[in-house]
Amino acid sequence: MTHVLTGLPLARSTVPRAAQLRESPDALADALADPRTRVLAVRDGGLLLAAGGGVRWLGPDAARALLTVGTAADAARHRDAPGGPGADADSDSWLLLGAEDDGARVLALRLPDEHPLTAGGEPADVVVHLPDGPVGRDGWGALRTVGAVLDAHDAGLATAAVALDAWHDRHPRCPRCGAPTRVAQAGWSRVCDADGSEHYPRTDPAVIMAVVDEDDRLLLGHAAAWSPGRWSTLAGFVEAGESAEQAVRREVLEETGVVVGDVEYVGSQPWPFPASLMLGFRARATSTRVQVDGVEMADARWFTRDDLTAAVAAGEVLLPGGASIARALVEQWWGRASA
């Protein structure tokens, strides 16, 4: 039986990326000179939103003004090109996301983060599994919170913008020699002038799976780092030299002690927090005894549909956010959209 997932919130897109435009050295300057160009603002994995809940689209002049305010507020994040704060197209504050059918360019404007990256770093899982945040009263909303309610046009562009912004934040230096790199291809690569190497946005494949047993019960887990009551499908990164199917079986076994047999791919979507591509699977368990690892996974259990319905209604189980593929996997098994 095929369990294909379609219309995943962050996998929707309607605007061509127009990759051929990135090669022009004047791509950003031309876009900023065109009054038809539309700009979305991005920071901290979130977007500037309109009153109605969609992306707040800006013209080039309004975006320049917003960048001037943003850079003045946080001089520690320096992106200014010569001649003024962020006004020049050479500044790495600008990303070319694509072109509309009528030829109008779409840009992203990178603004200083309110919560810059720490110098010491943190485990990747901490960022990937952060809880959904509220929509800010200042007009900013986290993509992981609002992604499910954006239309396909805005969702596709916003997801690309958040992914690129996170990559630039985390990769300012050359991984070969350690020298600073500069932005190229209108925000889609970085170049090291010291050794001549080119570097492109990183994507980390991760598997996420709805594990069911012979009685069609669903296995959900509660990670040690999560807030009380938060449950989700199991997930984990694909390791070097490993297939996605192998990763499904390994992760389930490591985290819960459950053995998985058949594995069926059902869909994927980007999860740019900071750089994951979530590969969704339906997996059939061949054992049911649960023994969590006690490190990443604090608890795991099997749910019937009635069990899960009752637990959600009682507030004992908080489901994954609506923008996540985890939510889609749960709802597909459940047979209905959850509140």
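What you see is a predicted model, and the numbers here were worked out from it, not measured in a lab.
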(message) Is there a side chain to side chain donor-acceptor pair (under 3.5 Å) between Ser197 and Asp195? Walk through the geometry before answering.
(response) CA-CA 6 Å; Ser197 59; Asp195 65 18; 2.7 Å; yes
(message) Checking Asp30 against Leu28 for the side-chain contact (heavy atoms from CB on, under 4.5 Å) test, could you report, in this order, the C-alpha distance in whole Å, the side-chain angles of both residues, the deciding distance, and whether it holds?
(response) CA-CA 5 Å; Asp30 290 346; Leu28 291 173; over 6 Å; no
(message) Under the criterion side-chain contact (heavy atoms from CB on, under 4.5 Å), I'd like the reasoning laid out for Ile208 against Leu329: C-alpha separation, chi angles, the key distance, then a yes or no.
(response) CA-CA 9 Å; Ile208 185 164; Leu329 287 167; 4.0 Å; yes
(request) May I have the step-by-step check of side-chain contact (heavy atoms from CB on, under 4.5 Å) for Val258 and Asp213, ending in yes or no? (result) CA-CA 10 Å; Val258 171; Asp213 68 3; over 6 Å; no
(request) Apply side chain to side chain donor-acceptor pair (under 3.5 Å) to His3 and Gln332, showing your working. (result) CA-CA 8 Å; His3 302 87; Gln332 183 190 64; 5.4 Å; no
(request) With side-chain contact (heavy atoms from CB on, under 4.5 Å) as the test, would you mind laying out the steps for Val106 and Glu100 before giving the verdict? (result) CA-CA 7 Å; Val106 183; Glu100 304 278 7; 3.8 Å; yes
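Atom CG of Leu219 sits about 4.5 Å away from atom CH2 of Trp302, to the nearest 0.5 Å. Put simply, OG1 on Thr233 and CH2 on Trp333 are 12.0 Å apart, with the number rounded to the nearest 0.5 Å. Separation of atoms CZ (Arg38) and CG (Leu97) is listed at 11.5 Å; rounding is to 0.5 Å. Taking CG from Leu218 and CG from Asp307, the interatomic distance works out to 10.5 Å, rounded to the nearest 0.5 Å. The CD atom of Glu296 sits 11.5 Å away from the OG1 atom of Thr256 when rounded to the nearest 0.5 Å. Put simply, CG on Leu277 and CD on Gln269 are 9.0 Å apart, with the number rounded to the nearest 0.5 Å.
In this structure, Arg305 fails the cation-pi test against Trp334, since its NZ or CZ atom is not both closer than 6.0 Å to the six-membered ring centre and inside 45 degrees of the ring normal. Figure legend: Arg144 and Phe273 shown as a cation-pi pair, the cationic atom lying under 6.0 angstrom from the six-membered ring centre and within 45 degrees of its axis. Taking the ring axis of Trp140 as reference, the NZ or CZ atom of Arg43 stays within 45° of it and closer than 6.0 Å to the ring centre.
For the pair Ser276/Thr203, no side-chain contact is recorded, criterion being any heavy-atom separation below 4.5 Å from C-beta on. Contact annotation: the side chain of Ser268 never approaches that of Met278 to less than 4.5 Å [non-hydrogen atoms, C-beta and beyond]. A heavy-atom distance below 4.5 Å is not found between the side chains of Leu10 and Ile325. Residues Leu111 and Val42 form no side-chain contact, since every pair of their non-hydrogen atoms from C-beta on lies 4.5 Å or further apart. Residues Thr159 and Leu157 are not in side-chain contact: their nearest non-hydrogen atoms beyond the backbone lie 4.5 Å or more apart. Within the 4.5 Å cutoff, the side chain of Leu107 has heavy atoms near those of the Leu32 side chain. Residues Leu49 and Arg56 form no side-chain contact, since every pair of their non-hydrogen atoms from C-beta on lies 4.5 Å or further apart. Side-chain contact between Glu239 and Phe237: absent, with no pair of heavy atoms (C-beta onward) separated by less than 4.5 Å.
Looking only at distances, no side-chain donor or acceptor of Trp226 sits under 3.5 Å from a matching main-chain atom of Ala298. Side chain of Asp92 to backbone of Val183: no donor-acceptor contact under 3.5 angstrom is found. Checking side-chain atoms of Ser287 against main-chain N and O of Val259 turns up a donor-acceptor pair under 3.5 Å. At least one donor-acceptor pair closer than 3.5 Å links the side chain of Asp113 to the backbone N or O of Asp44. At least one donor-acceptor pair under 3.5 Å links the side chain of Arg12 to the backbone N or O of Pro9. Put simply, the side chain of Asp215 never gets that close to the backbone of Arg217: no donor and acceptor are under 3.5 Å apart. At least one donor-acceptor pair closer than 3.5 Å links the side chain of Arg36 to the backbone N or O of Asp102. Judged by distance alone, with hydrogens and angles left aside, the side-chain atoms of Thr181 form a donor-acceptor pair with the main-chain N or O of Pro172 at under 3.5 Å. The backbone N or O of Val238 sits nowhere less than 3.5 Å from a side-chain atom of Glu251 that would complete a donor-acceptor pair. Of the possible polar contacts, one joining the Arg173 side chain to the Gly178 backbone as a donor-acceptor pair under 3.5 Å is found.
Listed by first then second residue, pairs satisfying salt bridge (Lys or Arg N to Asp or Glu O under 4.0 Å) with a partner in residues 281-293 read Asp216-Arg282, not counting sequence neighbours.
Salt bridge annotation for Arg327-Glu331: present, with a cationic side-chain nitrogen under 4.0 angstrom from a carboxylate oxygen. Under 4.0 Å is where a charged nitrogen must lie from a carboxylate oxygen, and between Asp169 and Arg110 at least one such pair does. Between Arg105 and Asp34 there is no salt bridge, since none of the side-chain N atoms of the basic residue sits less than 4.0 Å from a carboxylate O of the acidic one.
Residues Leu234 and Leu318 are members of separate hydrophobic clusters, defined by side-chain heavy-atom contacts under 4.5 angstrom among Ile, Leu, Val, Met, Phe, Trp and Tyr. Using a 4.5 Å cut-off between side-chain heavy atoms of Ile, Leu, Val, Met, Phe, Trp and Tyr, with links allowed through other members, Val191 and Trp167 fall into different hydrophobic clusters.
Nearest heavy atoms, Ala27 versus Leu96: CB-CD2, 4.2 Å. Across all their heavy atoms, Pro35 and Pro60 have their closest contact at O-CD, 4.3 Å. Residue Ala224 comes nearest to Val295 through the heavy atom pair CB-O, 3.4 Å, listed as atom of the first residue, atom of the second, then distance. Considering all non-hydrogen atoms of both residues, Val207 and Ala244 come closest at CG1-O, 3.5 Å. Closest of all the heavy-atom pairs between Ala328 and Leu8 is CB-CD2, 3.5 Å. When all heavy atoms are compared, the tightest approach of Leu40 to Ala161 is CD1-CB, 3.7 Å.
Checking each of Glu198, His168, His199 against Arg190 for a side chain to side chain donor-acceptor pair (under 3.5 Å) leaves exactly one that passes, namely His168.
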Hey, can you pull the donor-acceptor pairs under 3.5 Å for the side chains in residues 14-25, sequence neighbours left out?
unit_1: Ser24; atom_1: OG; unit_2: Asp26; atom_2: N; d: 3.1

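By the neighbour-count criterion of 12 heavy atoms within 6.0 Å, atom CD of Gln246 is densely surrounded, having more than that number from other residues, nucleotides or ligands. Within a 6.0 Å radius of CG in Asp262, other residues, nucleotides and ligands contribute 12 heavy atoms or fewer.
The aromatic rings of His222 and Trp231 are tilted relative to each other, their planes meeting at an angle between 30° and 60°.
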